Amino acid sequence: MRQTQFLHMFLVVSLAWLAFLANAEDAYRYFTWTVTYGTISPLGVPQQGILINGQFPGPPIEGVTNDNIVIDVINKLDEPFLLTWNGIQLRKNSWQDGVLGTQCPIPPGTNWTYQFQLKDQIGTFMYFPSIGLQRADGGFGALNIAQRSVIPIPYPTPFGEFTLLVGDWYKSDHKALQQSLDAGKPLPNPDGILINGRPNGFIFTGQGGQTYKFRVSNVGIATSINFRIQGHNITLIEVEGCHTLQEEYESLDVHVGQSVTVLVTLKWSPKDYFVVCSSRFTKPIFNATALLRYEGSNTPASLPLPIGPTYQIHWSMKQARTFRTNSTANAARPNPQGSYHYGTIQVARTLILANTATQINGKLRYAVNGIAYNDPDTPLKLADYFNIPGVFTLNSIQDTPPSGPAALGTSVVGTTLHDFVEIIFQNTEKTMQSWHLDGYSFYAVGYGSGQWTSDKRKTYNLVDAVYRDTVQVYPLSWSAILVSLDNKGMWNLRSAIWSKRYLGQQLYIRVWNSEKSLYTEYDAPPNVLLCGKAKSS
Ligand SMILES: *[C@@H]1O[C@H](CO)[C@@H](O)[C@H](O)[C@H]1NC(C)=O
Ligand SMILES: *[C@@H]1O[C@H](CO)[C@@H](O)[C@H](O)[C@H]1NC(C)=O
Ligand SMILES: *[C@@H]1O[C@H](CO)[C@@H](O)[C@H](O)[C@H]1NC(C)=O
Ligand SMILES: *[C@@H]1O[C@H](CO)[C@@H](O)[C@H](O)[C@H]1NC(C)=O
């Protein structure tokens, strides 16, 4: 190609980029994040943590719907690094998803800039490292999206807001945990639970008589938590970007990878009250506490801690079914959330995905429909884009659980843009499971015990189920979701139980149509990293 021609093409491509990626009226927020190891002692024992700009947990992103986020990530660890934006839909833009199936990792000692838009979203989300078990060392933080000023929210404007990053914590660092998993030992019980990096003592101060928003995310790697505040009921207002019917609860279960937003009114006399996050489905029960302090309080919080549910799986399942969409409320756009009648749409395909614990070549693995996922050296998205053969084959995983022994593989479900799909998560293990889909919200229509059968569809909520990005599956139970695959790209469907994802419980959904158009999917970003077989192409 002659140089002028090339220059011309380059200009056209760059202009197209500008036009599609950036919407002039939407604000830009720039961040430079340096990722390092540092010593932290959340449970009183010094250990290696992953810090962002010296902070543990990492700095929050406080955005507004449609903001453009530009984050230069400088990797000063001794190993490759990626951040993923849990719950951010990244429309047409799986390039920025920060998982090994969509991009090459940022090598140690280098930097890479993410650029994405918080398009049409509102609510409480989070980010965390996606590679190996790095997330067990930190590197996670809040990603909160407020509504644009022209959008009314379906509740009175709170007086203030607080963010709670809650999660299980291990005294071993991620490399030790990975080694132990590689050696075939399942992840042990955690050593504790943290709220904003501390097992106790974090203080939220508010004015008596006022109502506050609490954004609660489970940033842990294995453990469901129960959230409650002494003497105060909590009102659920939002689940992962979906405005809910505003029900009052004494406590809420938040499973790994999930976020909820609640309102709390400080309606008593000035005092300190315990905020409790306790582990669910573990023996013993671990508790983390923080304090809700009324301004002017001279009275310390008094024991005992408010009681939460104990093992009680059925309690949790029943509570999950009470989460419902407020159909008349708007989300990030002014049209009512209930105007999309998902319950009347014909299902094009049903996937039944059964997770199992298994042994492959004498090693512990966790499989989905008989395949424990293994990351190839070449990101799937790059293989697609550059037509590199031999990286993956479509439908290398079956739509229903096969019989026979499990194997390692690179599972990619091939789907067509705009397919409407039903996914049943069948948990054949005796432990909690939690499934997350990148790039999407889905309708969490049903939960049940035992084996799913087609007659369970009669129990689905086809009217006002919440749409969210992470659904829990109870031990030896199933959960069902419906999803409209309207976001082209290569999207990670993963267990949010991080040891299980590490040892194989993940796959990718390739949402595709043959039309190459920036209206349906962006091109590779100008700074795309090349690795594996894409390096030489
Ligand atoms: C990030 O890397 C680019 C080269 O890829 C370099 O020009 C830039 O200075 C780096 N930025 C920082 C903050 O290190
Ligand atoms: C649902 O949203 C509407 C519209 O914003 C609001 O007026 C109503 O109070 C909400 N209902 C419930 C039960 O949350
Ligand atoms: C808290 O909410 C529960 C319903 O979940 C209700 O039964 C109880 O009366 C409420 N308590 C207070 C103090 O409002
Ligand atoms: C956590 O608190 C509960 C009471 O809510 C108590 O039964 C349990 O023993 C506590 N766990 C630990 C490890 O102290």
Side-chain angles (χ1 to χ4, degrees), residues 87-95 97 99 101-102 119-121 240-242 325 331 337-355 368-369 371 373 380-381 383-385 392-402 409-426 435-446 452 454 456-457 460-463 465-471 473 478-494 506-522:
I88 304 305
Q89 291 180 359
L90 306 172
R91 297 204 64 81
K92 311 172 196 173
N93 203 2
S94 61
W95 297 108
D97 199 22
V99 289
T102 61
K119 184 75 182 154
D120 290 338
Q121 285 187 274
E240 293 151 29
C242 169
T325 298
Q337 297 181 134
S339 57
Y340 180 72
H341 298 285
Y342 69 92
T344 61
I345 300 171
Q346 183 79 36
V347 168
R349 183 164 172 190
T350 296
L351 297 170
I352 303 174
L353 301 177
N355 59 277
V368 186
N369 284 5
I371 300 182
Y373 186 87
L380 310 173
K381 186 71 205 156
D384 241 358
Y385 192 71
F392 69 91
T393 50
L394 282 180
N395 301 326
S396 42
I397 176 171
Q398 297 184 34
D399 283 15
T400 54
T410 304
S411 314
V412 181
V413 179
T415 66
T416 304
L417 186 63
H418 301 305
D419 272 355
F420 192 74
V421 174
E422 174 189 38
I423 305 179
I424 317 298
F425 297 107
Q426 182 73 56
W435 283 100
H436 171 88
L437 176 58
D438 277 349
Y440 285 92
S441 288
F442 49 70
Y443 293 89
V445 293
W452 180 87
S454 57
K456 303 290 190 217
R457 289 190 176 119
Y460 286 1
N461 177 350
L462 293 178
V463 178
V466 284
Y467 54 91
R468 62 186 316 171
D469 55 63
T470 306
V471 69
V473 194
W478 57 268
S479 298
I481 66 167
L482 295 174
V483 59
S484 175
L485 297 177
D486 56 3
N487 193 11
K488 197 169 163 180
M490 186 68 81
W491 299 108
N492 193 207
L493 176 60
R494 60 172 174 257
Q506 59 173 318
L507 53 107
Y508 282 81
I509 298 194
R510 179 190 189 246
V511 182
W512 186 253
N513 66 355
S514 52
E515 179 200 7
K516 191 165 164 46
S517 159
L518 295 178
Y519 283 105
T520 52
E521 189 178 26
Y522 298 150

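These values consider heavy atoms only, across backbone and side chains, with no hydrogens, waters or symmetry-generated copies. As the structure is a prediction and not an experimental result, all values here were calculated from the model.
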Between Asn93 and Leu90 (side chain of the first, backbone of the second, donor and acceptor by atom type, cut-off under 3.5 Å), is there such a pair? no

On a heavy-atom basis, the closest approach of Ala354 and Pro401 is CB-CG, 3.6 Å

CG of Leu417 to OG of Ser484, rounded to nearest 0.5 Å, is 8.5 Å

(request) Compare all side-chain heavy atoms of Thr410 with those of Tyr373 and state whether any distance is below 4.5 angstrom. (result) yes

Using the six-membered ring wherever Trp is involved, compare the ring planes of Phe425 and Trp435 and label them parallel, tilted or perpendicular (cut-offs 30° and 60°).
parallel

Separation between CZ (Phe442) and OG (Ser479), nearest 0.5 Å, reads 9.0 Å

Does the side chain of Val413 reach to within under 4.5 Å of the side chain of Arg349, using non-hydrogen atoms? yes

Practice task
Could you tell me whether the side chain of Ser94 reaches within less than 4.5 Å of the side chain of Lys381, counting heavy atoms only?
Solution key: yes

One should read off an interatomic distance between Ile397 CD1 and Ile509 CD1, to the nearest 0.5 angstrom, of 9.0 Å

Just by modelled atom types, is the Gln398 backbone N or O under 3.5 Å from a matching donor or acceptor in the Asn369 side chain? yes

Practice task
Answer whether the closest heavy-atom distance between the side chains of Leu353 and Ile424 falls below 4.5 Å.
Solution key: no

Here the gap from Met490 atom CE to Trp512 atom CH2, rounded to the nearest 0.5 Å, amounts to 8.5 Å

- Exam field: side chain Gln89 to backbone Asp120, donor-acceptor pair closer than 3.5 Å: no

Correct closest heavy-atom pair for Ser396 and Val412 would be OG-N, 3.2 Å

task = Would you indicate whether the side-chain heavy atoms of Tyr340 and Ile345 approach each other to under 4.5 Å?
result = yes

| With under 30° as parallel and over 60° as perpendicular, where do the rings of Tyr342 and Tyr443 fit, or are they tilted in between? | parallel

Here the pair of heavy atoms bringing Ala383 nearest to Phe392 is CB-CE2, 4.1 Å

Between the CD1 atom in Ile352 and the CD atom in Gln426, the distance rounded to the nearest 0.5 Å is 8.0 Å

* Asked: Does the Lys488 side chain pair with the main chain of Asn513, one donor and one acceptor, at a distance under 3.5 Å?
  -> yes

Exercise for review: Could you tell me whether Asp384 and Arg510 have a side-chain N and a carboxylate O separated by less than 4.0 Å?
Suggested key: yes

Counting C-beta onward and ignoring hydrogens, is there a side-chain heavy-atom pair between Asp486 and Tyr440 closer than 4.5 Å?
yes

Can you tell if the side chain of Asp438 reaches within under 4.5 Å of the side chain of Arg494, non-hydrogen atoms only?
yes

Gln337 side chain to Thr325 backbone, donor-acceptor under 3.5 Å: no

In this structure, CH2 of Trp452 is separated from OG1 of Thr350 (nearest 0.5 Å) by 6.0 Å

Heavy-atom closest pair (Ala480 atom, Tyr460 atom, distance to 0.1 Å) is CB-OH, 3.3 Å

Answer with yes or no after comparing the ring centroid distance for Tyr385 and Trp95 against a 6.0 Å cut-off, counting only values under it.
-> yes

(Q) Does any part of the side chain of Lys119, heavy atoms only, come nearer than 4.5 Å to the side chain of Lys92, both counted from C-beta? (A) no

